[in-house]
There are 2 protein chains.
Amino acid sequence: MGRPPKFSRAQVQNAALVLVDQHGLDALTMRNVAAELGTGPMTLYGHVQDRADLEALVVDAVFSEVEIPTPAPDPATRIEDLCVAAWKVLRRHPHAARLTLTRRTDAPSALRLGELLAVELGTTTLTGRRLLVAFRVLLSLIVGSIESDLAPVDPGDDERRVSVTESDYPALAALSASSARTTPEQLFRDTVRAGLVGVLPQASPDNI
Amino acid sequence: MGRPPKFSRAQVQNAALVLVDQHGLDALTMRNVAAELGTGPMTLYGHVQDRADLEALVVDAVFSEVEIPTPAPDPATRIEDLCVAAWKVLRRHPHAARLTLTRRTDAPSALRLGELLAVELGTTTLTGRRLLVAFRVLLSLIVGSIESDLAPVDPGDDERRVSVTESDYPALAALSASSARTTPEQLFRDTVRAGLVGVLPQASPDNI
DNA sequence: ACCTGAACACCGTTCAAGT
DNA sequence: ACCTGAACACCGTTCAAGT
């Protein structure tokens with residue numbers, strides 16, 4: 001407890017992510033993180049600007065875990081793999097994922113991933129508006145799929161939940177039954193492939 | 001101030017939505033809503049189960065505003081119009097939209113809209129897994145597009161924002177420049193149409 | 001029986017006192 | 001100069017006192 005600070009910003013980041021993973025997003029408070037590090041709340045302000053900064057740190061930690069896949073031979077598969085890598089890391093941190101859904105992220109690790117995806121799309125024949133649409137479609141599919149999977153995470157919601165099996169929504173009930181017959185990853189891969197078909201002229205619907 | 005309650009659940013709902021629209025999501029507190037209605041915080045618990053219930057009320061209010069479009073002749077356009085209707089209403093309430101991104105919604109008005117979309121997709125040749133994927137793609141595109149648009153809503157973020165024009169992310173910068181040349185609605189329509197091409201065998205890429 | 005104020009256990013952050 | 005505890009202005013909700 002001499003001159004050097006008692007802990008680093010990286011330690012704050014790690015403690016925050018562990019807290020969120022283990023006890024949910026509501027547990028992410030200045031006071032809890034400080035307690036985890038064995039100090040008072042005010043000591044945190046030496047490493048973090050404010051609460052929003054703490055949240056940004058968590059988002060950055062999550063995307064830092066993305067394993068960039070080794071490039072597949074064809075562009076469509078490279079793009080798909082990149083999307084799956086992002087999806088996987090968000091799935092591994094469902095509570096933290098909610099942070100990325102709500103606020104726009106400046107986290108360098110997230111921007112780097114976005115840049116990678118944009119570069120990959122740029123190697124296709126897509127340009128201009130169609131390139132932009134392709135990018136937005138893929139980002140949306142990642143974010144949207146995570147959101148769709150997030151339901152069971154919300155605790156206590158189940159008691160209040162109106163079962164979709166109810167005959168009020170027969171079409172939704174049929175979909176929900178059909179979704180019980182796939183794994184989440186398979187469903188996401190199918191979703192991304194469908195998106196690619198709509199977006200890449202050269203992607204053929206055959207491999208779906 | 002006699003026997004009948006001083007206000008209805010619908011009034012609570014309305015007061016909550018107005019509060020969120022005007023002062024942002026952080027202003028949505030039991031105490032603020034109560035003050036808006038001229039009572040103490042505890043009186044709210046006569047109409048609302050807890051804070052989560054209050055948020056659900058806001059989400060329901062938003063989706064209740066959806067104007068179901070008059071059905072277009074062809075299925076693809078009917079589906080597109082339905083998606084745009086949902087997108088528009090979320091755009092009109094950007095702060096409240098954040099609630100729908102994070103938590104799974106049981107709001108009847110939202111389920112009814114989902115059911116409508118599922119039914120519409122059911123009138124195509126799609127069945128089983130492909131029907132499910134189509135539904136997920138469209139939902140994801142709505143949710144994801146809203147999320148992408150939400151950035152400027154977050155107040156005070158701009159000061160901290162790392163400009164994407166920075167040369168660290170040239171591909172992202174190019175995309176962002178390209179997105180400045182379209183309207184949000186046009187971009188969303190293009191996005192949905194691309195999604196439909198990937199998802200509906202009979203949708204032709206010609207009309208993009 | 002119902003409505004609701006006081007009180008409790010939190011929260012982020014300011015401010016000033018400690019070193 | 002820097003670190004950090006006390007204090008402030010909030011929050012959702014319990015509990016008990018009022019009618």
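Predicted, not measured: the structure shown is a model, and the values here were computed from it. So that the names make sense, note that chain A is the first sequence line, chain B the second, and so on, each numbered from 1.
Distances shown here put a side-chain N or O of A:T43 below 4.0 Å from the OP1 or OP2 atom of D:dT4.
The NE2 atom of B:H47 sits 11 Å away from the C1' atom of C:dC3 (whole-angstrom rounding). What separates CG of A:L44 from C1' of D:dG5 is a distance of 15 Å, to the nearest Å.
By the 4.5 Å heavy-atom criterion applied to side chains, B:R130 and B:V133 are not counted as neighbours. Counting only heavy atoms from C-beta outward, the side chains of B:V143 and A:S140 never approach each other to under 4.5 Å. Between B:L99 and B:V58, some side-chain heavy-atom pair lies under the 4.5 Å cut-off.
Partners of A:E36 by salt bridge (Lys or Arg N to Asp or Glu O under 4.0 Å), not counting sequence neighbours: none found. Every ring-ring contact (aromatic ring centres under 6.0 Å, His included) that A:F188 has, sequence neighbours left out, goes to A:W87. Every side chain to side chain donor-acceptor pair (under 3.5 Å) that B:R189 has, sequence neighbours left out, goes to B:E80, B:D81, B:E185. Residues forming a side chain to side chain donor-acceptor pair (under 3.5 Å) with A:R129 (at least two apart in sequence, or on another chain): B:D190.
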Using the 3.5 Å cut-off, write out each protein N or O paired with an N or O of nucleotides 9-15 of chain C and the distance between them.
residue: C:dC11; atom: OP1; partner: A:T29; partner atom: OG1; Å: 3.4
residue: C:dG12; atom: OP1; partner: A:M30; partner atom: N; Å: 3.0
residue: C:dG12; atom: OP2; partner: A:M30; partner atom: N; Å: 3.1
residue: C:dG12; atom: N7; partner: A:R31; partner atom: NH1; Å: 2.4
residue: C:dG12; atom: O6; partner: A:R31; partner atom: NH1; Å: 3.1
residue: C:dT13; atom: OP2; partner: A:Y45; partner atom: OH; Å: 2.8
residue: C:dT13; atom: OP2; partner: A:R51; partner atom: N; Å: 3.1
residue: C:dT13; atom: O5'; partner: A:Y45; partner atom: OH; Å: 3.4

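Residues A:R112 and A:D60 are not paired through a salt bridge, judged by the lack of any N-O separation under 4.0 Å between the basic side chain and the carboxylate.
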In dot-bracket notation, what is the pairing pattern of DNA chain C, taking Watson-Crick (N1-N3 plus N6-O4 or O6-N4) and G-U wobble (N1-O2 and O6-N3) contacts under 3.5 Å, with [ ] crossing and | for other strands?
||.|||||...|||||.||
